[in-house]
A.B. asks: 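Quick one: structure below, then a few questions.
Worth knowing before you read on, the calculation uses all heavy atoms, side chains too, and leaves out hydrogens, waters and symmetry mates. Small disclaimer: the values here were computed from a predicted structure and weren't measured. In what follows, chains carry the letters A, B, and so on, assigned in the order in which the sequence lines appear, proteins first and then strands, with residues in each chain numbered from 1.
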2 protein chains.
Amino acid sequence: MYKVIFMPSLTVENYLKAIYHLLESEPEGVSTNSLAATLKIKPATVTDMIGKLASARFVKYEKYYGATLTDKGKRTALAIIRKHRLWEVFLSEKLKFSWDEVHEIAEQLEHIDSIELTDRLDMFLGYPKTDPHGDPIPDKNGKITVPELIPLSFAKEGAEGMISGVTEHSPAFLQYLEKNNLTLGTEVMLLEYYEYDLSADIRINKKRQVHLSHEVIKHILIKLHDKH
Amino acid sequence: MYKVIFMPSLTVENYLKAIYHLLESEPEGVSTNSLAATLKIKPATVTDMIGKLASARFVKYEKYYGATLTDKGKRTALAIIRKHRLWEVFLSEKLKFSWDEVHEIAEQLEHIDSIELTDRLDMFLGYPKTDPHGDPIPDKNGKITVPELIPLSFAKEGAEGMISGVTEHSPAFLQYLEKNNLTLGTEVMLLEYYEYDLSADIRINKKRQVHLSHEVIKHILIKLHDKH
DNA sequence: TATTAAATTTAGATTAGCCTAAAATAAATT
DNA sequence: AATTTATTTTAGGCTAATCTAAATTTAATA
Ligand SMILES: [Mn+2]
Ligand SMILES: [Mn+2]
Ligand SMILES: [Mn+2]
Ligand SMILES: [Mn+2]
């Protein structure tokens, strides 16, 4: 049988984090292939590791039907995500890195193992609620409050809101948003959809108007303004 | 032959750092046994790794006669030491960790791979010259200025100076110093040696007098006051 | 200088995390 | 329902970093 995992290694941590994120789009169970694609390794490798994670009770695994996280697995994943996002805030707020630069470095920092460090960093940063990409930061008990956001591509014509998150974190995409003043906190109004390519005209901060592709608006999350 | 090392792994970084520090007391070449003791691994393992480090030109190695660092090896070691000490300053100054707590966490942070991060951290901290233990911090070019300090146990009776470093970093020792007000910056005067056990009476900040064992005074570094 | 002791190296084995190729299973298509 | 395609698993292998046991070399001692 499989060797029991005591302390999760860097590799195991990355598996659990990837499973956590993939469960968003595959709630019934994360497939071997999507995990392999995310981690840039071969499916055969994933199958083996999932077996180990299952016997260490980090995941529940049904052969051929994917993996889901146990409570233990979820706790572990959220602890890593907490660290990742806190370090992103640190890099952005204190070291003045731009929002397209923080993720790569946080990928390393998230594995630093010290609860005391994490909690003091949290305090030092003033207990931030979200990271530079608008993603919520779990508290020290692993509690995460997911804000109610919708993709800009889901907004009705005439709807207004504030850019509050993104669902794509590549430097290229984030730099594109930056260049077009589509950063967090920006006020947007959806003016008109173009059915043939699902693109749309957007008004920015009640002033400038831009035309954005579906590829872009589907990855921008907004908080809709209450209409009264 | 040995596989060539491209990017130094965490393991390789720890070997190079250990060799750098051990060269202080073994300048002719670091022995297999002292490296094994420092890294808490077996001598046979060290022999094998030293071979790999030598073929990657990190060290010069004479079988049976120990290893010394090449320029490449020294550069790599100093980059890690720079990161280690900058993170210790961060933990101490910004997150308010005590000087006996910072080392362990810095052991992990020193392996984070980003020159940009290191240099921005340096700036954020105001380009500190020394870490919380008084050890000098190499600059971004790897230049390190070693201050002229002597062990308190080398001071003549009547000599005065300021505590400016330590040569032992265990939490137990650092906590002992803290408790006895023997922290960095403390003014000390050597009053009298006791030959039979090499202990000494020390005056602290021109006031309180304490009796310290040889074990303690040999690990305290002082900057002697100029006498005119 | 010969012998013993200590340090070091060599030989062979193990584990985690990866791989490729082949086999098995599930899903999709005719 | 039978066949083809896609996904997943199994089997066997590799590398870095470790280990133990045995052999070799250097250093210390008689
Ligand atoms: Mn990120
Ligand atoms: Mn983020
Ligand atoms: Mn240290
Ligand atoms: Mn230090």
A.B. asks: Just checking, any donor-acceptor pair under 3.5 angstrom between side chains of B:N33 and B:S31?
C.D. replies: no
A.B. asks: Checking side-chain polar atoms at under 3.5 Å, does A:E26 have a donor or acceptor matched by the opposite partner on A:S34?
C.D. replies: yes
A.B. asks: Can you tell me the distance, in whole Å, between the CG atom of A:L10 and the P atom of C:dT15?
C.D. replies: 22 Å
A.B. asks: Taking the side chain from B:W87 and the backbone from B:I105, do they hold a donor-acceptor pair closer than 3.5 Å?
C.D. replies: no
A.B. asks: Over how many whole Å does the gap from B:L35 atom CG to D:dA17 atom P extend?
C.D. replies: 15 Å
A.B. asks: Please list, pair by pair, any protein nitrogen or oxygen found under 3.5 Å from a nitrogen or oxygen in nucleotides 23-26 of chain D.
C.D. replies:
residue, atom, partner, partner atom, Å
D:dT25, O4', B:Y64, OH, 3.2

A.B. asks: Going through the checks in order, is the side chain to side chain donor-acceptor pair (under 3.5 Å) test met by B:D100 and B:S98?
C.D. replies: CA-CA 5 Å; B:D100 59 291; B:S98 60; 2.7 Å; yes
A.B. asks: Can you check the A:I50 CD1 to C:dG17 P distance for me, whole Å?
C.D. replies: 13 Å
A.B. asks: What do you reckon, is CZ of B:F154 surrounded by more than 12 foreign heavy atoms closer than 6.0 Å?
C.D. replies: no
A.B. asks: Please indicate whether A:E28 has more than 12 foreign heavy atoms, meaning atoms of other residues, nucleotides or ligands, lying under 6.0 Å from its CD.
C.D. replies: yes
A.B. asks: Just how far, in rounded Å, is P of D:dT8 from CD of A:E62?
C.D. replies: 14 Å
A.B. asks: If you compare every side-chain N and O of B:S9 against the phosphate oxygens of D:dA17 (OP1, OP2), does one of them come in below 4.0 Å?
C.D. replies: yes
A.B. asks: Between A:V12 and B:N33, just flag the one whose closest nucleotide in DNA chain C comes earlier from the 5' side.
C.D. replies: B:N33
A.B. asks: Is NZ or CZ of B:K94 both nearer than 6.0 Å to the six-membered ring centre of B:F124 and within 45° of the ring axis?
C.D. replies: yes
A.B. asks: What's the verdict on side chain to side chain donor-acceptor pair (under 3.5 Å) for B:H84 and B:D131, showing C-alpha distance, side-chain angles and the deciding distance?
C.D. replies: CA-CA 9 Å; B:H84 181 101; B:D131 81 3; 5.7 Å; no
A.B. asks: With 3.5 Å as the limit, what N/O pairs link the protein to nucleotides 18-22 of chain C?
C.D. replies:
residue, atom, partner, partner atom, Å
C:dC19, OP2, A:K42, N, 2.9
C:dC19, OP2, A:T45, OG1, 2.8

